[in-house]
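In what follows, chains carry the letters A, B, and so on, assigned in the order in which the sequence lines appear, proteins first and then strands, with residues in each chain numbered from 1.
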Amino acid sequence: MTEEEKRLILKTVAQINESVKSDIRIMEVCGTHTHQITRFGIRKLLTPKIHLVSGPGCPVCVTEPGYIDALIALLTQKNVVVATFGDLLRVRGSSGSLEEQKVAGKKVITVYSPEDVLALAKSHKEENFVFAAVGFETTAPLYAALIQMARKEGIQNLFLLTSLKRMEPAIRFILWDSKVNIDGMLCPGHVAVITGIGPFLPITVKYHIPAVICGFESMDIIFSISILCRQIAGENPIQFMNTYRRCVSDDGNPAALHLIKEVFRISDVSWRGIGWIKDSALTLNSRYEEYDAFKRFGLEMESTPAIFLDGCECGKILIGEKTPNMCVNFGCLCTPDHPLGPCMTSSEGACAAYYRYGGSEN
Amino acid sequence: MCLAIPAKVMRINHAHAEVDIMGVRKQINTLLIDHLNVGDKVMVHAGFAINKINEEDFNFLRDTLQNMLGNSP
Ligand code: SF4
């Protein structure tokens, strides 16, 4: 960061702090924002009147234990390898985690890119590779591309077990169904890279809450918070803003959106700690069902609600009702080495971010 | 998990490209991007380029902040 940028940030912070007269709650929907806000110490710079609360945008945190159980059940089948991004390894289902399975010698591999699995499937025809397809719209087109490549190359030993979620229904749920009190929203920049601004416009138009699509540098975040504060205070009219224009165009990425539409369909799914949200899932559509691991291996997702251990507050943290330090376990019984809940297990979870960077909530 | 990082395209090879990510060379998939050229900047998420970026637009942030604050130090 240049000296000029530092000066601008500090000046903007001073101006924000001076202008905010009463308590306000701003939700950062995305787990990466939670991480960055805590890493940059932004909460500590701002007046205690501004409460930055986390949202449901940490895909690993909102993945139901029944999904982890389904992945573990796959490992009991012959010639099945489960491939995943590293984030999911330590998340617990009701019968343990993929990490424990791996340590016990089961075939669990972690990859950097979905495409890595394509090469493995080609060179190990005797194994069936199941990719744990977790994520939001940012990641969904990558899985869609993988499946299209598999089809093009005639690969028949590669499948997806999908737990893909859509952001817009989750935002609707928070602002409308849950009635959690939110005065402004920082919208997830990298979801918007794919979707464009369309899914986020209802926040201002329908719910009349200031909203900004925000990047991930400290200047992006401070600038966006200052815009929100001005609108919340009534200094400026409520108007949707995109401060991440260097990455996010109004229409998003048309090629990626086309792929999502080609391969997936919209359905309902349960979010860990939150419950069922209508139209919030992307699952393989009938044209691609031969790649659906649920169908190929006869798996069911148990819809049992997550049982949160000993007072874990993840469910409330994920909709901005509570902050990590309101949980009695935070930092004592629950730490990144011994996580009790998904918000501490995932590095993008609010609890892990607060623990790591000392994000004392004001 | 939705993290994406900027990279510079060094070489293009059909649906893949070699990019420079903070000094490290990596192969990425470019299926999601139309009309990619050597020298373009892209955001990379889990081994795929997910869009092209316009670095000049970062100045938009700085300029707007300057305007909001006035130009005095
Ligand atoms: S600190 Fe641990 S137990 Fe408490 S809410 Fe966070 S993850 Fe759950």
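With a 6.0 Å radius and a threshold of 12 heavy atoms from other residues, nucleotides or ligands, B:Lys52 has its NZ atom above the threshold. The number of heavy atoms from other shown groups lying within 6.0 Å of CZ (B:Arg11) does not exceed 12. At most 12 heavy atoms of other shown residues, nucleotides or ligands fall within 6.0 angstrom of atom CD in A:Glu18.
Rounding to the nearest 0.5 angstrom, the gap separating the CD atom in A:Glu115 from the CD atom in B:Gln27 is 9.0 Å. Atoms CD1 and CZ, on B:Ile5 and A:Phe216 in that order, are 13.0 Å from each other to the nearest 0.5 Å.
Proximity of a side-chain donor or acceptor of A:Asn253 to a complementary backbone N or O of B:Leu32 within less than 3.5 Å is detected. With B:Asn51 contributing its side chain and A:Cys247 its backbone, the two residues share a donor-acceptor pair below 3.5 Å.
Considering A:Thr139, A:Leu146, A:Leu142 in turn, A:Leu142 is the only one that fulfils the side-chain contact (heavy atoms from CB on, under 4.5 Å) rule with B:Phe48.
Looking at heavy atoms from C-beta onward, A:His190 lies out of side-chain contact with B:His45 at the 4.5 angstrom threshold. Inter-residue side-chain proximity for B:Asn29 and A:Met149 is flagged as met; some heavy-atom pair is nearer than 4.5 Å.
Neither the backbone nor the side chain of B:Val42 comes within contact range of chain A, judged by heavy atoms closer than 4.5 Å. The part of A:Ile194 that comes within reach of chain B is its side chain, from C-beta onward, which places non-hydrogen atoms under 4.5 angstrom from that chain. Both the backbone and the side chain of A:Pro114 come within contact range of chain B, judged by heavy atoms closer than 4.5 Å.
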